[in-house]
Enquirer: 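Got a structure for you, written out below as structure tokens; questions coming shortly.
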Protein chains: 2
Amino acid sequence: MTDSTEAPRRTRIQQEKRELILEAALEVFSTNGFRGSTIDQIAEAAGMSKPNLLYYFRRKEDIHETLMERLLETWLAPLRELDDIGDPMTELRSYIRRKLEMARDFPRESRLFANEILQGAPRIMPLLTGELKTLVDEKAAVIKGWMRAGKIARTDPWHLIFAIWATTQHYADFDVQVRAVLGPNRGGEGRFEDAARFLEQLFLDGLKPKG
Amino acid sequence: MTDSTEAPRRTRIQQEKRELILEAALEVFSTNGFRGSTIDQIAEAAGMSKPNLLYYFRRKEDIHETLMERLLETWLAPLRELDDIGDPMTELRSYIRRKLEMARDFPRESRLFANEILQGAPRIMPLLTGELKTLVDEKAAVIKGWMRAGKIARTDPWHLIFAIWATTQHYADFDVQVRAVLGPNRGGEGRFEDAARFLEQLFLDGLKPKG
DNA sequence: CAAATTTTTGACCGATTGGACAAACGTTAG
DNA sequence: CTAACGTTTGTCCAATCGGTCAAAAATTTG
């Protein structure tokens, strides 16, 4: 029953309350940023008093830190799945689709991440130059292999990955702008399907080998 | 000498000091967000005392408001220039290039805007549903004309504009991540040229009519 | 039951925040 | 010089911030 990691063992109530707090904090942090959010706001969103919240998380930063740690794993999962086996075009297409689905289903996580990066990534910089760079370099090598094999057009794999990130996360991070511009009709639920269709056409036709 | 607009007339010193403050505020707001920035920070960055700053801008929000008003005009200028005369492919290419140059030359402005949108655009929502939507709809109509004429591939003009925004602004808003992933060598000055080459290939090959 | 432990709360603290204000300072015009 | 006006600053304030603490309340354990 002892944890394999350094995490302290916790009671069932502690587990549940911590989850409640993290859920509330995700809501608050993602819309106000770290410095723009207050412990009171999070406590109220979690339905408890401030001292009670601080009983489960000693400092405001601890909440944010826990949130970011969890986030990064789920956030990079789609890229990790990008595999050398299977048709390159299909792999890229499904990667784009998965990323867009995440923007649709987890917009708060996307905005939380965007907030952190926008402000210079003061809390997760080591992860960017370490784990993230390693992963991206690895996948860039895979993509380069596809290019050498003539499966997709030759281009810069790193900037290709950036472009996929940018276009998909845009629908989470800039959601209000997207909806404002599309208007009530086209900005409704169908906007993600429109986006999926467009992105598929943009990336795949653009990457099609010139055979 | 009377202003044509509602702006109050100001002395030469007021003009200069206000510019100084706005420059400092751009730096501070763009990296810390509105709520994350303090008047003291801005005052210090502008080299003056807090009460002195408040002599030129009565409230913190006034600074941000002035900044956003100016920003939006210069920010949308490239899209306004997108014109029906000239070759569609060339027009789109130069629009992408101009947007990328703005991400390179005015990253703080981009981040200021991103911060505002991320937090739900509480201060500029009317501009999004009004002026911005009107402009985008207008340009989308132009692009649609190009598609009907067979000059570019048929696709969704609105999402095409979103994709151009997303991919170019990514190099300003997510700059730290881009540099972290590219590393010291490829993340240097040349990264914008690499990005320009990649984006040109992505968009143009993807938009080339299938003739 | 009662004791031990965990959870919750109200009251409080020092630091920081946005902003007010009157007094001092500088500059210019008569 | 002096009066008027524009500029700058030190001081102060109420509100809010992150966080502490002791004590009450609830829960678990024996």
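None of the values given here were measured: they were computed from a predicted structure. Convention: sequence-line order gives letters A, B, ...; per-chain numbering from 1. Excluded from the calculations below are hydrogen atoms, water molecules and symmetry mates; all remaining heavy atoms, backbone and side chain alike, are included.
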Enquirer: Relative to the 5' end of DNA chain C, which residue comes earlier, A/Gly47 or A/Arg35, by the nucleotide with the nearest heavy atom?
Expert: A/Gly47
Enquirer: Charged N to carboxylate O below 4.0 Å: is that the case for B/Glu19 and B/Arg70?
Expert: yes
Enquirer: Between B/Ser49 and D/dT9, is there a contact of a side-chain N or O with OP1 or OP2 at under 4.0 Å?
Expert: yes
Enquirer: Provide a list of protein-nucleic acid N or O atom pairs under 3.5 angstrom, restricted to nucleotides 5-7 of chain C.
Expert:
residue: C/dT7; atom: OP1; partner: A/Thr11; partner atom: OG1; Å: 2.8
residue: C/dT7; atom: OP2; partner: A/Gln14; partner atom: NE2; Å: 3.0
residue: C/dT7; atom: OP2; partner: A/Tyr55; partner atom: OH; Å: 2.7

Enquirer: What nucleotide, of D/dG19, C/dG10, D/dG10, holds the atom closest to the side chain of A/Lys50?
Expert: D/dG19
Enquirer: Figure out the CZ/P separation between B/Phe57 and C/dA20, and round it to whole Å.
Expert: 15 Å
Enquirer: Name each donor-acceptor pair under 3.5 Å that joins a side chain in residues 52-59 of chain B to protein atoms two or more places apart or in another chain, with its distance.
Expert:
residue: B/Arg59; atom: NH2; partner: B/Asp62; partner atom: OD1; Å: 3.1

Enquirer: Rounded to whole Å, please give me the gap between CG in A/Asp40 and P in D/dG19.
Expert: 11 Å
Enquirer: Does a sphere of radius 6.0 Å around NZ in A/Lys133 hold more than 12 heavy atoms from other residues, nucleotides or ligands, not counting ones at 6.0 Å or beyond?
Expert: yes
Enquirer: Between D/dT20, C/dG19, C/dC21, spot the one nearest the side chain of B/Pro51, thanks.
Expert: C/dC21
Enquirer: Could you state the CG-P distance from B/Leu53 to C/dT17, rounded to the nearest angstrom?
Expert: 14 Å
Enquirer: Grab the CD-C1' distance between B/Glu16 and D/dT7 for me, whole Å please.
Expert: 13 Å
Enquirer: Find the distance B/Arg18:CZ to D/dT7:C1' and express it as a whole number of Å.
Expert: 15 Å
Enquirer: Just how far, in rounded Å, is C1' of D/dT8 from CD1 of B/Ile21?
Expert: 12 Å
Enquirer: Please give, in whole Å, the distance from D/dG6 P to B/Met48 CE?
Expert: 18 Å
Enquirer: Whole-Å distance between C/dT8 C1' and A/Leu20 CG?
Expert: 14 Å
Enquirer: Answer with yes or no whether the side chains of B/Asp137 and B/Trp158 bring together a donor and an acceptor at under 3.5 Å.
Expert: yes
Enquirer: When you measure from the centre of the six-membered ring of B/Phe34, is the NZ or CZ of B/Arg123 under 6.0 Å away and within 45° of the axis?
Expert: yes
Enquirer: Output the distance between atom CG (B/Leu67) and atom CD (B/Glu23), rounded to the nearest 0.5 Å.
Expert: 9.5 Å
Enquirer: At under 4.0 Å between heavy atoms, what does A/Leu54 touch on the DNA or RNA strands: base, sugar-phosphate, or nothing?
Expert: base
Enquirer: Please say whether more than 12 non-hydrogen atoms of neighbouring residues, nucleotides or ligands are located less than 6.0 Å from CD in B/Glu200.
Expert: yes
